[in-house]
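All ligand and atom numbering here is 1-based and tracks the order in the structure.
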Amino acid sequence: MGTPKWKIKGITDDFTECGCCGRRGLKRTVALMPLDADGNEDGTAEDVAYYGTSCAAIALGWTQRKVSDAARAAQAQQNQRDAHARRMISLYAPLEFAPIRERARMFYSRNRSLRHTGVKASEEVAKRLAEARATLADTTTGPARASRIEDFRRYRVIFTSDRHIHQVLSVPDDEAKRQEQESAAARRAQQIRGSVLVVAALDADSAHDVAYSYEAAPEWLEQGWKAAHV
Ligand SMILES: [Zn+2]
């Protein structure tokens with residue numbers, strides 16, 4: 001068998017018609033990126049083909065089982081890249097226009113080993129933000145994901161007494177429910193001798209990271225949220 005012509009990028013239920021045989025009403029399709037003669041990806045999201053599992057199996061010369069397993073694994077990887085991208089945006093987007101020393105403090109607080117190595121924090125932050133935005137804008141296996149500060153939500157984080165995260169709660173939009181949550185969180189924090197912090201982030205996972213890194217740039221993390229939600 002020669003070099004495969006496709007690479008499995010993931011699995012999606014957004015496309016339900018097989019791009020090979022035209023069969024419709026499929027539960028999901030496999031996203032296939034064309035490869036060039038050297039086996040490198042040869043295209044962007046627009047060039048991706050969506051095949052049903054059986055047609056993908058024929059195109060790759062694989063069993064359907066192998067196609068399904070590879071598609072699930074590729075999708076899991078994509079989901080992990082998305083989660084990482086949301087963390088990077090939640091941490092660094094509010095500091096994007098902050099003074100260089102603010103970005104440096106945040107970056108080195110999270111990457112202590114890179115201190116004094118000549119790695120420039122401002123360049124690294126810009127690079128990570130650009131990568132994160134590209135990741136979330138990639139439409140290979142579904143619509144673009146939220147990636148702007150305007151998309152941040154509020155999370156109430158309860159810390160234990162030794163500054164580990166005990167609980168992360170999404171802050172409700174409704175004022176009465178919000179106050180109820182605030183009181184309940186304060187009571188819980190008191191019981192465990194912990195503390196409460198409200199942060200803004202793209203999702204609850206990212207809120208963990210923002211909460212742990214909050215002290216590196218509290219004003220900027222707060223201002224970024226406020227500027228986007230006036
Ligand atoms: Zn087909």
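- Between K9 and the options E41, Q77, Q78, a side-chain hydrogen bond (donor to acceptor under 3.5 Å, both in side chains) holds for only E41.
- In this structure, E180 does not pair ionically with K177, as no charged nitrogen and carboxylate oxygen lie closer than 4.0 Å.
- Shown here for A144 and T139, the closest heavy-atom pair between the two residues is N-CG2, 3.8 Å.
- Each protein N/O/S atom under 2.8 Å from the Zn ion (ligand 1) was counted, for a total of 3.
- Legend: side chain to side chain donor-acceptor pair (under 3.5 Å) pairs involving residues 17-29, not counting sequence neighbours: none detected.
- Here R115 pairs with nothing under the salt bridge (charged side-chain N to carboxylate O under 4.0 Å, His left out) rule; sequence neighbours left out.
- Judged as a salt bridge (charged side-chain N to carboxylate O under 4.0 Å, His left out), and not counting sequence neighbours, the contacts of D69 are R65, R72.
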